[in-house]
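Here is the structure we will look at, set down as structure tokens.
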Amino acid sequence: MNRTSDVPPAPWLHLPEEPRPTPTLSRLSSEILGRVQQPLGPRYGGCWLSSDPDGSNIALNLSAVSPTAADQAAVETIVKSYADFPYPLNPLVPMPYSYDELVGFCEAIGAVLERRGISGVGVRVRPDLGKVVVELPSPDTPAREETSGVVPDDAVPFIVVPPAFHAVLRSRPDRPST
């Protein structure tokens with residue numbers, strides 16, 4: 001398995017305010033995602049929203065294993081058929097693993113951790129990276145060794161996210177004004 005690495009936060013976390021899932025936006029997103037998976041088939045890699053660092057230019061991103069020009073054209077046609085969808089489509093991002101493969105890797109890692117009784121480890125699919133991110137509570141967590149060989153090495157970056165860090169953020173009082 002890869003050594004503990006720095007994994008950028010999910011791109012939608014850079015948005016100044018996460019897009020509000022209005023009923024219309026939720027319906028459009030569901031319909032679009034359902035339809036774009038058809039031409040990509042088992043090569044579908046996932047979707048995410050991204051923006052420029054200043055929070056402008058929010059766009060829809062889709063990935064696939066070895067996307068072709070025909071895939072791009074088919075996906076563009078589908079997204080453009082929803083005139084009310086507020087975000088433009090970026091070019092398809094090539095990824096080494098499909099979303100189904102990533103979910104399978106995630107489940108395999110979760111099963112190993114459960115069998116070994118290892119807790120406090122977060123395992124999640126990051127379609128924007130085409131990887132499964134394993135969040136360790138500390139660098140010496142045995143999860144890294146226990147999951148070695150379960151999935152391909154290039155499919156999993158490990159990051160350390162101490163549980164206390166999240167608790168501090170939630171309980172931190174507002175700074176007094178000066």
Side-chain angles (χ1 to χ4, degrees), residues 1-21 25-26 29-30 32-34 36-37 40-67 71-72 75 79 87-114 118-139 141-166 169-170:
M1 288 285 172
N2 293 342
R3 57 182 158 60
T4 303
S5 62
D6 293 327
V7 173
W12 52 86
L13 296 178
H14 290 299
L15 298 176
E17 185 174 319
E18 198 160 327
R20 297 188 190 279
L25 184 57
S26 294
S29 298
S30 294
I32 290 170
L33 293 180
V36 299
Q37 290 180 46
L40 299 175
R43 296 179 301 117
Y44 170 73
C47 70
W48 65 96
L49 292 176
S50 65
S51 71
D52 292 338
D54 65 358
S56 63
N57 300 317
I58 298 172
L60 174 64
N61 299 274
L62 296 160
S63 64
V65 176
S66 304
D71 293 333
Q72 181 70 38
V75 169
V79 174
Y87 307 118
L89 174 68
N90 280 333
L92 288 174
V93 178
M95 293 289 179
Y97 301 104
S98 71
Y99 188 78
D100 288 342
E101 287 175 305
L102 294 175
V103 169
F105 297 159
C106 197
E107 290 171 349
I109 292 169
V112 167
L113 296 175
E114 186 177 328
I118 299 172
S119 61
V121 175
V123 183
R124 62 191 173 104
V125 173
R126 282 283 302 270
D128 58 304
L129 298 175
K131 297 183 183 292
V132 173
V133 174
V134 177
E135 298 172 340
L136 307 173
S138 71
T141 304
R144 189 183 305 150
E145 291 76 27
E146 293 293 336
T147 58
S148 181
V150 174
V151 300
D153 286 348
D154 67 339
V156 179
F158 291 91
I159 61 172
V160 176
V161 182
F165 178 73
H166 296 293
L169 287 180
R170 282 194 300 271

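Index from 1, following the sequence.
Two residues are said to be in side-chain contact when any heavy atoms from C-beta on lie closer than 4.5 Å; Trp48 and Ser63 meet this criterion. Contact of the Pro88 side chain with the Leu60 side chain is not registered, since no non-hydrogen atoms from C-beta on lie closer than 4.5 Å. Thr147 is listed as a side-chain neighbour of Phe158, based on a closest heavy-atom distance under 4.5 Å. For the pair Pro67 and Gln72, the minimum side-chain heavy-atom distance is 4.5 Å or more.
Contacts of Val121 classified as side-chain contact (heavy atoms from CB on, under 4.5 Å), with partners at least two apart in sequence or in another chain: Leu113, Ile118, Val123, Val134, Leu136, Pro137, Thr141, Ala143. Checked against side-chain hydrogen bond (donor to acceptor under 3.5 Å, both in side chains), Tyr97 has the following partners two or more places apart in sequence or in another chain: Asp154. Residues forming a side-chain contact (heavy atoms from CB on, under 4.5 Å) with Asn90 (at least two apart in sequence, or on another chain): Ser50, Ala59, Asn61. Listed by chain and number, the residues in a salt bridge (Lys or Arg N to Asp or Glu O under 4.0 Å) with Glu146 are Arg116 (sequence neighbours excluded). Taking Asn57 as the reference, Asp52 meet the side-chain hydrogen bond (donor to acceptor under 3.5 Å, both in side chains) condition, with sequence neighbours excluded.
Surrounding CD of Glu114 are at most 12 heavy atoms belonging to other residues, nucleotides or ligands under 6.0 Å away.
Listed here is the closest heavy atom pair of Asp128 and Met95: O-CE, 3.1 Å. In plain terms, the two heavy atoms of Gly45 and Pro127 that are nearest each other are O-CB, 3.7 Å.
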Steps toward side chain to side chain contact (heavy atoms under 4.5 Å, CB included) verdict (Leu40, Leu92) = CA-CA 11 Å; Leu40 299 175; Leu92 288 174; 4.2 Å; yes

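Checked options Val93, Leu89, Ile32; the residue passing with Leu62 is Leu89 (criterion: side chain to side chain contact (heavy atoms under 4.5 Å, CB included)).
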Donor-acceptor pairs under 3.5 Å, side chain of residues 101-110 to any protein atom, not counting sequence neighbours: which ones?
unit_1 : atom_1 : unit_2 : atom_2 : d
Glu101 : OE1    : Ser98  : N      : 2.8
Glu101 : OE1    : Ser98  : OG     : 3.4

